[in-house]
Structures are given as structure tokens and as C-alpha cells.
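Chain letters run A, B, ... following the sequence lines, proteins first and then strands; every chain starts at 1.
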Amino acid sequence: MNKIITLKKNKEFNRLYSKGKAYVSKSLILYVLPNRSCEKRIGITTSKKIGKAVDRNRARRVIKESYREVLKNIKPGYDLVFVARKKTTRIKSTKVLSIMKEQLKEAGVFIS
RNA sequence: UGAGCAAACUGAGCAAUUGCGGACAUUAAUGCUGAAAGGCUUUGCCCGAGGAAAGUCCGAGCUCCAAAGGGCAGGAUAACGGCUAACGGCCGCCGGGGGCGACCCUAGGGAAAGUGCAACAGAAAUAUACCGCCUAAUUUUUAGGUAAGGGUGGAAAGGCGAGGUAAGAGCUCACCAGCGUAUAGGAGACUAUACGGCUCUGUAAACCCUAUCCGGAGCAACACCGCAGAGAGACAUUUUGUAUUUGCCCGAUACGUCUCGAGAAGGUGGCACUGAGCUGUAAUGGUAACAUUCAGCCAAGAUAGAUGAUUGCUUUUAACAGAACUCGGCUUAUAGGUUUGGUCAUAAA
RNA sequence: GGAGACGUAUCGAAGUGGUCAUAACGGGGCGCACUCGAAAUGCGUUUGCCUUCACGGGCACGAGAGUUCGAAUCUCUCCGUCUCCG
């Protein structure tokens with residue numbers, strides 16, 4: 001059950017932006033909200049502010065890869081949305097992973 | 001050796017582990033689900049971004065609107081000859097401009113069909129006498145001639161020299177520029193030579209004229225499937241009206257109309273392909289673009305949208321940058337590197 | 001993905017080939033009047049950058065080329081912003 005379930009609809013994203021708790025760092029923003037099912041769902045946002053198509057694709061890939069790493073350690077029953085920032089395109093992927101871990105711990109959905 | 005020109009190519013590579021998208025394979029390997037078709041998971045094997053994928057500036061295919069209609073309006077192109085499915089593209093060539101040269105740039109039809117515009121300055125802007133010069137009368141000045149000189153302007157009626165003259169003027173002559181005619185060469189634009197009369201402002205990326213071409217909208221087009229609401233009332237019977245056909249006039253097609261109420265979400269095809277297909281130190285024709293033939297190949301196809309991460313090595317630690325219906329161009333962005341062919345300068349032989 | 005529209009002072013905008021940026025006109029800012037004080041109203045003024053002690057001069061209409069004697073205006077190529085199409 002390592003399949004990644006993604007959020008797709010605009011409504012779901014807006015629900016997290018308005019009701020979810022936000023954890024902000026210089027290169028990543030995390031929104032967390034518990035959902036009713038026992039699944040872990042993820043959404044990734046890369047807006048046009050970040051850069052052109054190549055930069056946005058890279059940011060999305062790096063976030064997706066880091067998420068795959070920490071997937072086992074996440075409590076089920078939560079919706080997560082990661083928003084990439086301008087810095088995300090420049091820093092290394094390992095750093096994104098460590099930042100993500102910190103944010104997840106802060107949010108209390110990380111189990112070691 | 002230095003400087004410079006043109007063309008073509010490349011666009012980090014290799015290995016290991018792991019991860020993602022797709023096609024195919026089943027006799028059935030693995031399990032689950034289902035009445036079945038099939039779906040999901042696993043397995044095997046193969047494929048998986050660019051030279052610009054970008055901008056959307058042109059041209060097409062394809063789909064619908066009447067298998068594409070008429071007129072007006074509107075738009076595009078612009079020396080000449082070719083190539084192409086087509087083009088505003090490409091090739092060759094001519095004219096003009098630049099460079100010592102290799103070579104580069106060039107929206108380059110018509111201003112003698114007509115109309116408009118040319119601010120300010122200047123006497124005068126397509127017609128003219130302000131100053132000056134000359135002649136006559138007179139000696140404040142007036143009349144006539146004159147575009148050689150001054151000044152203004154982007155532009156002042158060919159340029160320059162000689163003759164000529166009262167002063168001047170293509171008035172006459174030589175050379176140059178422009179126009180016309182003839183001859184020769186060329187497929188043609190045009191070039192060369194000879195002769196002739198004669199001297200014409202610029203602007204068409206102002207209207208316009210000439211020639212050629214153009215119907216419109218776009219894959220969010222369009223076709224099909226299923227779900228939900230879903231019904232209720234009133235009016236009318238063929239004239240309107242609405243929508244589409246870029247703008248207007250015809251013509252054509254589709255729709256009964258109005259009120260109340262409710263709702264506007266999803267899937268499949270189109271779509272990935274035997275094609276204006278790709279590759280070739282191939283052959284033939286052609287200066288070339290390109291065409292024909294031959295041989296080989298089938299080569300991403302997502303739908304919130306697939307290429308990442310880690311490690312090792314190489315030389316520099318890699319620029320611009322990510323397909324979305326598909327092609328042919330153009331334009332713009334782009335680190336570094338490779339190859340080929342010319343040019344100039346200097347030195348040596 | 002496709003189809004369009006627009007870029008001019010601090011803001012909204014007019015100017016569509018010369019004298020034209022006096023950057024019209026409106027809003028904003030500042031000052032004055034009115035008021036006990038304010039608001040509203042009225043009047044005046046301020047409004048880009050570089051250079052100069054100052055007078056003045058140059059560059060500026062998103063950027064860069066071209067046409068023209070002359071471009072905010074006409075043409076081309078880029079850049080940015082906004083709108084529409086299920």
C-alpha cells in the first residue's frame with residue numbers, strides 16, 4: 001500500500017487553505033487537515049510565481065520524492081498540501097527532505 | 001601565427017540501485033473482484049521530451065458550420081526565375097547599400113491615372129524675386145530682365161567646367177546622373193553599346209492604382225455514452241424572432257415561444273497513427289532549394305498531466321529550456337565544444 | 001492548449017504623423033481662504049530621470065529596430081498585465 005493518493009480538485013485544495021493548519025519555512029509551506037478516511041492524501045502546488053515549466057516540474061518532483069521517503073512515518077487520516085516557493089527550485093533534494101521531516105514533526109503527524 | 005567570414009553538427013557521457021508513464025504478451029504465471037466482458041495487483045520485455053518542445057507570427061492537414069454559395073467591404077503579398085501539399089518559407093539570380101577581402105544587409109511594383117499631406121523656418125513648397133546682379137527712367141525711388149551668388153529648409157527645378165551675355169539662364173558644348181528609342185546578350189529582372197531630345201520635389205509601413213491570393217471558427221473544434229434534475233402552467237400555428245455563417249446586404253441552416261422552479265457534474269473517442277513519416281558518406285537528375293528510385297525502420301502519448309533521487313568515474317561540474325491534435329517554416333532564448341571551406345595581414349621556404 | 005485586448009505623471013485617463021509632452025481633463029499631495037476647529041467648497045501650486053551654483057540643455061509615452069525630413073502616433077520583433085473559451 002505504498003501508492004500515493006493525490007488531491008486533484010480545486011475544492012479540496014481550498015478546504016485545506018482555509019481550514020488547515022499552516023507550517024511555513026523559507027522553501028516550503030505545509031498545510032495539514034485531518035480527513036474522515038484512514039488514508040494519507042497529498043497535494044502539491046507549484047504556482048507560476050516560482051518560475052517556468054522546467055522549474056515547476058523540478059519542484060514537484062523533488063517534493064514527491066521526499067514524500068515517498070517519509071511516507072511510512074506519516075500517521076494515516078490526514079490530508080497534506082505542500083506549496084513550493086522560489087527557493088525550492090535551487091536547493092538540493094536532501095535538504096527538502098530534512099525540512100519536510102521537521103515540518104511534519106511540528107505538525108504532529110510524524111511517527112518514528 | 002594573428003584577425004576575421006560562411007556553413008554544418010553537438011546540446012554531457014558511462015555504470016549500479018531505486019522510483020515514475022505507456023504499449024505489447026499470454027497457453028496463462030499471482031491473487032482479488034465480477035453473472036460476463038473486463039478491471040486492479042504482480043511478472044516478462046520494449047519504448048519514454050527539444051533544437052528550439054517556447055512565442056503563436058505565417059502556411060497546411062483534420063473537424064463543424066450549406067462539402068463551401070453571391071456581392072460589397074476588408075486583409076495579405078510585391079524586382080525576376082524556380083522549389084514546395086501550401087506559405088509571408090526556401091534556392092538561384094538582378095538592382096541598391098556596406099566591407100581591402102572572404103562575405104553581409106536589403107517590405108525592392110507604380111509618384112508621367114488621380115487625391116491628400118509637407119509643421120517651423122523662408123520672399124517663395126510646386127509655385128516664386130527678400131537681399132543681390134543688370135538695363136532703362138530717375139537719382140527718396142519706380143518698371144523690366146535674371147535663379148550665377150547670399151540666407152531658410154529634409155527638399156529651392158539636374159551636377160561641374162568652358163563658351164556665351166547688359167547681367168544671366170541646357171542658351172550652346174564636353175563629362176557625369178536621369179528619361180526615351182534602337183541593336184546585341186539573357187528564360188527573365190536586367191546589362192552593354194549607339195543615337196535622340198530633354199531635365200521631371202518627397203511621401204504609397206497616406207488614400208489609392210496594378211497583379212496574385214484569401215469563406216468562418218477552432219481539438220476547450222467536434223462525435224458518442226451514461227448520470228442527475230423533470231417537471232408544472234400559459235400562449236401561438238406562421239409571419240416574425242433568436243442563434244450560426246468575422247462587418248453589411250442577400251441567400252442558407254437550426255430552433256415552437258414565454259413564465260415558474262431546479263441544476264450545470266463525469267466518461268470514451270478525436271489522440272499518436274503507414275504518415276506531405278523517419279534514417280542513409282546510397283544512386284540518378286539539377287548550380288541549388290528539391291525531385292525520383294533503392295535499402296532499412298515504426299519511434300513518447302499523459303489527462304492536476306510521466307524522466308527523479310543516491311553513489312562512483314571522466315574534462316569544465318554544464319547554457320537556454322519540458323511534448324498536450326499533428327506537420328512545414330519563421331522569430332526569439334542559448335554555456336561550452338567539434339568539423340569543413342574561403343579571406344586578409346605578417347614571417348619563412 | 002487556444003482566442004483576444006491593453007501598456008502615457010503617484011492613480012484613472014486624453015492625445016492617433018509636425019508648432020505637442022505647457023503631458024489636456026479628473027483624482028491625489030501641498031499651501032491659502034472660509035471655520036472656534038475640522039469636513040465640504042473655492043483659489044493657487046506641485047508633479048519623471050541625468051546634468052548645471054543658476055539660466056538652461058539632454059533623455060524619457062513598456063523595450064529594441066525600421067519607414068519618414070520628422071514617430072507616443074505607421075510597420076516589425078520582443079517584454080509585461082488582464083479578459084474569454086469546458
### Nearest non-hydrogen partners of A/Arg58 and A/Thr89, listed with the distance
NE-O, 4.3 Å

### Task
Would you classify B/A299 as syn or anti? Syn applies when the glycosidic angle is within 90° of 0.
syn

### Nearest-Å distance once atom C1' is located in both B/A230 and B/A262
9 Å

## Note on the structure
Sequence neighbours excluded, the answer for side chain to side chain donor-acceptor pair (under 3.5 Å) partners of A/Tyr23 is none

### Message
Can you tell me the base-pairing partner of B/C45? Count Watson-Crick or G-U wobble geometry only, both distances below 3.5 Å, and say none if there is no partner.
### Response
none

### Reading 5' to 3' through nucleotides 305-313 of chain B, protein heavy-atom contacts under 4.0 Å coded B for base, S for sugar-phosphate only, - for none
-SSBSS---

### Query
Partner of B/C278 by Watson-Crick or G-U wobble geometry, both contacts under 3.5 Å, or none?
B/G296

### Nearest-angstrom distance, C1' atom, B/G50 to B/U10
13 Å

### Message
Can you check the distance between B/U245 and B/A211, where both ends of the measurement are the C1' atom (answer in whole Å)?
### Response
30 Å

### Same-atom distance (C1') from B/U203 to C/C74, integer angstrom
13 Å

### Query
Roughly, in whole Å, what's the span from CG in A/Asp55 to P in B/A54?
16 Å

### Spacing of the C1' atoms in B/A52 and B/A323 (rounded, Å)
13 Å

## Note on the structure
Applying salt bridge (Lys or Arg N to Asp or Glu O under 4.0 Å) to A/Glu65 and not counting sequence neighbours gives A/Arg68

### Message
Is B/G4 syn or anti, taking syn as a glycosidic angle within 90° of 0?
### Response
anti

### Query
Does B/A49 adopt a syn or an anti glycosidic conformation, taking syn as a chi angle within 90° of 0?
syn

